[in-house]
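Since the structure comes first, as structure tokens, the remarks are kept for the end.
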Amino acid sequence: MKFSNCFMPTTKETPNDATLPSHQFLIRAGFINQQGSGLYNYMPLGKIVLDKIRSVVKEELDNAGCSEVQLGFVTPMELWEKSGRASKMGLEMLRIKDRKNNDFVLSPTNEEAMVELVKNRVNSYKDLPLNLYQINTKFRDEARPRFGLMRGREFLMKDGYSFHESIEDMQREFALMEETYKKIFTRLGLDFRVVEADSGAIGGTGSKEFHVIADSGEDTIVICDNCEYGANIEAAVRKTRVIDTVKLDLSGKVETPNLTTIDEVSSFLKVKPSQTIKAVIKKAIYEEETKVVVFFVRGDDELEETKACNSVNALELEDATEEDIKAVGLVAGYVGIVELPQNITYKIDNELKDTHDMVCGANEENYHLCGVDVCCKDEDIYADLVAVQEGNICNCCGGTLGYTKGIEAGHIFQLGTTYSAALEAHFLDANGKSKPFEMGTYGIGVSRLIAAVVEQSHDEKGCIWTKETAPYLVDVIVSNGKKETEFDMAEQIYKKLANTYKIDTIFDDRKGKKDTYGSKMADFELIGFPYAVVVGKKLQDGFVEIIARKTGEKAEVSIDNIDYLCQIIDALKNEDYSIKDAIHYVDNKK
Ligand code: ATP
Ligand code: MG
């Protein structure tokens with residue numbers, strides 16, 4: 001490819017709403033352009049990167065025995081009604097009507113459609129297992145589309161679905177997909193971590209996420225400093241804390257006028273916050289109703305919203321307003337575990353079970369209770385509700401837990417029979433018995449990965465693509481396009497690299513007034529090709545220069561024989577060499 005033929009409008013302007021480097025650079029370097037909120041066009045360079053990521057994903061999945069299909073992007077609402085998700089999906093699912101007033105959906109995911117595809121076509125256990133995937137457009141009407149490709153509304157996802165005769169076989173496939181995903185992210189050159197994830201209402205340990213480690217990640221990941229344990233904070237667990245409670249001088253109802261926070265109450269009563277019980281009041285949203293729910297955690301713990309939401313099987317939680325709280329007879333700042341108004345749904349954190357001498361609100365304005373024992377016998381009232389904190393102890397090995405930030409790039413999930421049962425997708429097992437398929441589902445954010453690569457790999461000048469994701473590996477730059485000898489040599493190098501050595505090469509052949517060496521280098525740095533070969537003044541002495549974008553390393557190389565230069569580039573392509581090492585390698589081979 002030649003710069004002069006390619007449409008790659010780079011700009012110095014940063015869009016106002018672009019806070020993340022990946023968002024800024026992808027737009028400035030002409031990879032993408034925004035068409036509307038969460039809606040993006042891919043320009044030529046963006047399309048090349050998208051296709052490269054897509055082909056790595058496809059190659060590894062095909063190697064693992066998966067088959068690619070492509071489902072329609074628009075799905076009939078009926079399908080979603082059958083599975084029960086028409087009402088559960090909420091506002092993220094965009095609904096549309098055709099001219100005959102029929103209802104459709106722009107697919108946010110495709111469990112239903114894939115189950116329908118397999119239903120009545122796979123009838124026997126002999127045809128199982130089966131793993132089908134697609135790399136296709138999804139639409140989610142996200143509440144806050146942001147960060148460019150990171151959280152778009154229209155985006156490209158790889159979604160895979162597997163079908164099995166038994167849970168064991170589904171779990172075997174789940175493990176295979178974990179390995180396959182690791183290969184994909186490793187090939188893409190990413191620093192990533194596989195972590196335990198929230199499985200929503202389905203529960204269990206059957207869900208893992210793949211996070212690209214980056215400070216800008218939206219997810220908090222809990223990792224152990226000593227073992228392999230890693231989990232999204234939504235699912236992270238810790239070793240149960242052992243907290244010494246001191247015998248209080250006070251007991252029963254104590255006046256605490258205008259003291260409503262844990263800090264105020266604990267310093268007034270001279271107890272540690274860990275000996276108090278914090279009440280967090282939320283509004284739980286269900287399909288047909290909303291209700292106020294109280295979550296009790298230790299005073300020095302924080303409520304983890306996803307855990308809390310799962311514990312009451314709600315679709316989501318919202319903050320309760322003062323009116324909501326009053327309306328159900330609760331007193332904000334003084335809510336306690338004893339004598340809650342009747343009919344209030346509440347949950348108590350597991351770590352509060354059997355604690356004694358605690359302090360909590362008295363459910364009466366200006367009063368707290370001291371010496372409270374938590375001894376509710378109803379096991380269902382307890383749940384893991386708290387966010388693991390940095391410094392907590394790892395439940396696996398006793399190491400110390402800490403936080404890091406991650407971008408969720410993939411998610412694999414042991415689904416079970418939820419969808420196959422709802423849609424009556426059955427097969428006959430070895431005993432001739434009809435059963436719903438055991439299923440797994442596996443997603444990768446293909447377009448999000450473009451942003452994730454740049455988020456992890458950039459500097460103040462622009463993108464730094466990894467070798468597998470770069471639109472072109474080498475940018476051949478002629479420093480002064482008007483100098484014929486330089487231009488001819490650059491063109492020869494470009495042709496040999498591209499045609500003989502089959503290396504993805506672009507030729508910056510621009511000759512205009514503004515196309516100075518400086519502006520070409522600025523584009524090289526902004527776009528982020530891994531290597532540049534500069535043909536400039538040194539050509540008179542028989543040299544060109546190779547530059548590595550990531551390290552800034554530069555080396556002059558003799559150009560008496562173009563193949564010598566090409567072999568060095570080829571070595572850089574295939575091995576993790578510095579330019580110096582690559583030159584050594586080629587010299588020694590001679
Ligand atoms: P998130 O928690 O980030 O909203 P999710 O849990 O809703 O993601 P999944 O339903 O598991 O996402 O979808 C599979 C993959 O699709 C995710 O791992 C992510 O990489 C990608 N993805 C999800 N939502 C978006 C989006 N709005 N824009 C781009 N990629 C997305
Ligand atoms: Mg997810």
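FYI, the numbering just counts along the sequence from 1. We count ligands from 1, going down the list as the structure has it; atoms in each ligand are counted the same way. All values below were derived from every heavy atom in this structure, side-chain atoms included, with hydrogens, water molecules and symmetry-related copies excluded.
- Residues D384 and N350 have side chains that never bring a donor and an acceptor to within less than 3.5 angstrom of each other.
- Counting heavy atoms from C-beta on, the side chains of V49 and W465 come closer than 4.5 Å.
- When each atom of ligand 1 is checked for a heavy atom of G410 under 4.0 Å away, the hits are 18 (O).
- Not a single heavy atom of S447 sits less than 4.0 Å from an atom of ligand 1.
- Ranked by closest heavy atom to atom 3 (O) of ligand 1, the top entry among E408, E218, R151 is R151.
- Proximity annotation for atom 13 (O) of ligand 1: of K158, M157, E234, M157 comes nearest, heavy atoms only.
- Near G152, meaning under 4.0 Å from one of its heavy atoms, ligand 1 places the atoms 26 (C), 27 (N), 28 (N).
- Every atom of ligand 1 with a heavy atom of R448 under 4.0 Å away is listed here by number and element: 3 (O), 19 (C), 20 (O), 22 (N), 23 (C), 24 (N), 25 (C), 26 (C), 29 (C), 30 (N), 31 (C).
- S162 and E173 form no side-chain donor-acceptor contact under 3.5 Å, judged by distance and modelled atom types alone.
- When only modelled atom types and interatomic distance are considered, D523 and T10 share a side-chain donor-acceptor pair under 3.5 Å.
- Looking at L149 against ligand 1, only its backbone comes within 4.0 Å, counting heavy atoms.
- Looking at ligand 1, you won't find any N or O of G443 less than 3.5 Å from one of its N or O atoms.
- Not a single donor-acceptor pair under 3.5 Å links the side chain of Y346 to the backbone N or O of A279.
- Here atom 5 (P) of ligand 1 lies nearest to R140 when heavy atoms of H411, R140, K138 are compared.
- Dense packing is recorded around CD of E289, with more than 12 heavy atoms of other residues, nucleotides or ligands lying under 6.0 Å away.
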